[in-house]
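Nothing here was measured: the structure is a model prediction, and the numbers come from that model.
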Amino acid sequence: MSEQRPDQLSRWQAQAMGVPEQFDLFLGGSRGSGKTHLLCALFLRHAEQHGERARCLVVRKSFPGLMDLEAEMKAFFGAVYGTALRFDGQKHRFTLPNGATVQLDQLEREADFQKYQGKSFSHIAVDEAGQYSSPALVDRLRSSLRAPAGVPTRFIMAANPGGAGHAWLVRRHALKESWQPYTDAASGFDFVTINATYLDNEFIDRERYAKNLIASCATDPELGKAWLNGDWSILRGAYFSSVIDETRNMIEPWACLPREEPEDPWADGPTSWRFFLAHDFGVSAPSVTYICALSPGAEGPDDYFYPRGSIILIDEETTTHPDDLNQGLGLTVPDQADRITRMCKRWGVQPRGVADDAIFNKTGSQSGSIADEFQKAGVYFHRAKKGSRLGGWETMRRLLADAGKPDMPGLYVSRKCQVWWQTVPALPRDPRNPEDVDSTAADHAADACRYGCLGNHDHPRIKVQFTM
Ligand SMILES: Nc1ncnc2c1ncn2[C@@H]1O[C@H](COP(=O)(O)OP(=O)(O)O)[C@@H](O)[C@H]1O
Ligand SMILES: [Mg+2]
């Protein structure tokens with residue numbers, strides 16, 4: 001139907017309608033470019049072509065988001081069909097005059113899948129896919145994509161940059177060249193990515209739209225700019241974007257570690273390199289462990305000078321799932337300990353260091369706390385220095401920002417620490433508290449790093465080493 005009225009679509013939308021249906025779509029780009037509107041148009045065409053055999057489903061993560069979508073769809077389909085459009089408010093379902101259905105739903109957690117048991121849809125769309133911190137739910141939704149012979153199935157995602165799912169969407173889709181088909185390695189499906197911006201949407205007052213959007217992001221102008229420009233690569237709006245710069249913070253992998261010498265008892269402060277682990281624990285979520293070096297104010301094996309108090313992440317051990325930065329491999333503590341010990345052996349450091357508070361909780365099981373289990377397996381953790389979460393982030397930001405200054409401690413991260421580089425620069429802010437990291441995003445490397453930055457500098461066991 002909309003094909004007969006191409007004047008109703010903007011240029012990029014019309015072009016998007018021309019992408020063969022065998023390709024799934026990722027609609028990236030900026031807010032206000034007309035992604036949701038295009039979604040409606042794609043559903044409409046599918047419905048017109050296949051009548052009651054066309055069953056469309058569109059999900060959003062939040063209920064208010066779902067309500068917005070419902071209003072948008074009512075306006076869209078209402079304009080096409082007028083009073084012939086039927087809408088069941090209880091079920092959030094449109095039935096078009098030709099019998100096709102468009103079901104709206106909130107999909108927030110695993111349990112929500114029950115409602116799709118045994119149901120099948122010929123077109124499934126995830127609007128605002130960037131709100132899903134992990135692709136797991138989105139991927140599962142695909143299992144409901146089925147249609148009778150002759151009815152094409154299609155999966156469509158629309159997303160804005162800067163959300164909790166920024167990292168996985170970047171890895172899979174967002175940075176692909178627009179309009180060029182590719183096979184998504186994670187799902188095995190053929191996709192086309194389309195990135196348009198609000199400037200490509202002649203149906204809005206673009207100048208005013210930009211002004212309003214910037215105003216709505218007064219406390220976070222970087223995020224406003226990312227939304228406006230649909231910029232997935234620069235990661236504006238990410239929590240650490242203003243303090244991470246590869247040229248300052250990234251170092252080439254060290255070939256070996258400098259020697260740990262006994263402290264000079266007469267010196268004011270540490271006189272030798274110190275090495276320790278920093279660990280964030282997970283089983284279904286990933287564990288991340290770093291070998292951290294604390295500089296006494298000396299040159300590293302790479303001949304660069306690291307001011308005293310600088311922290312260098314030398315190596316990384318992680319149980320991150322290769323396809324999903326927010327999912328762990330489900331390894332037991334002994335298995336994790338084994339991996340950590342092997343990393344330590346490679347570098348010749350002791351498997352001891354700091355970890356998140358939670359692993360010291362007594363679980364009530366015979367083996368005691370997770371920290372106890374680690375200890376039995378030869379890895380020794382103590383609590384990272386107490387302090388607020390925000391205080392920890394602030395310390396980490398300051399260290400990152402000061403990297404490269406000759407007289408200030410900085411935070412340096414080896415290129416070897418791949419999960420760190422894949423996740424930390426991209427971490428979104430918590431939408432409810434812009435001062436915090438969004439804890440539903442893949443923040444495990446950042447957490448481990450934060451514990452390392454809080455350091456065990458003040459921990460009695462280590463202090464003994466410094467002052468003996
Ligand atoms: N082809 C179109 N015809 C009329 N209005 C449109 C069209 N495409 C987009 N719009 C309007 O532009 C605004 C932004 O579009 P929307 O689809 O919500 O963008 P996005 O989902 O990319 O943020 C909405 O008010 C929408 O109704
Ligand atoms: Mg939208």
Margin query: I'd like to know if Asp323 and Arg171 make a salt bridge, using a cut-off of under 4.0 Å between side-chain N and carboxylate O.
Written below: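 Result for this pair is no, no salt bridge flagged.
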Check: Quick one: do Arg450 and Asp447 make a salt bridge, cutoff under 4.0 Å?
Finding: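 Looking at Arg450 and Asp447, the cut-off is met.
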Checklist line | Residue from Thr318, Thr319, Asn326 passing side chain to side chain donor-acceptor pair (under 3.5 Å) with His444 | finding: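 Exactly one option meets the side chain to side chain donor-acceptor pair (under 3.5 Å) with His444, and it is Asn326.
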Next item on the list: Would you check if the side chain of Thr341 reaches a backbone N or O of Ala337 as a donor-acceptor pair within less than 3.5 Å?
Entry: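 Judged by distance alone, yes, a pair lies under 3.5 Å.
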Next item on the list: Identify the residue among Arg60, Lys35, Lys61 that makes a salt bridge (Lys or Arg N to Asp or Glu O under 4.0 Å) with Asp127.
Entry: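 It is Arg60; the other options fail the test.
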Taking the six-membered ring for Trp, are [X] and [Y] closer than 6.0 Å centroid to centroid?
X	Y	value
Phe26	Phe191	no
His382	Phe360	no
Trp273	Trp254	yes

Item checked: Contacts of Glu110 that satisfy side-chain contact (heavy atoms from CB on, under 4.5 Å) - sequence neighbours left out ->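 Expected list: Phe113, Leu137, Arg140.
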Notebook entry, point to check: What pairs with Arg259 under salt bridge (charged side-chain N to carboxylate O under 4.0 Å, His left out), at least two apart in sequence or on another chain?
Noted result: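 Here the qualifying residues are Glu261.
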Check: Which pairs count as salt bridge (charged side-chain N to carboxylate O under 4.0 Å, His left out) when at least one residue sits in residues 308-322, sequence neighbours excluded?
Finding: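 Qualifying pairs, neighbours excluded: Asp315-Arg346, Glu317-Arg339.
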Next item on the list: Take His279 and Tyr290, measure what side-chain hydrogen bond (donor to acceptor under 3.5 Å, both in side chains) needs, and give me the verdict at the end.
Entry: CA-CA 6 Å; His279 173 84; Tyr290 291 105; over 6 Å; no
Note to self: Taking the cut-offs as 6.0 angstrom to the six-membered ring centre and 45 degrees off its axis, would you call Arg397 and Tyr239 a cation-pi pair?
What the structure shows: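 Checked: cation-pi criterion met.
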Note to self: Return the CG to CZ distance between Asp436 and Arg389, rounded to the nearest 0.5 Å.
What the structure shows: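 The distance works out to 4.0 Å.
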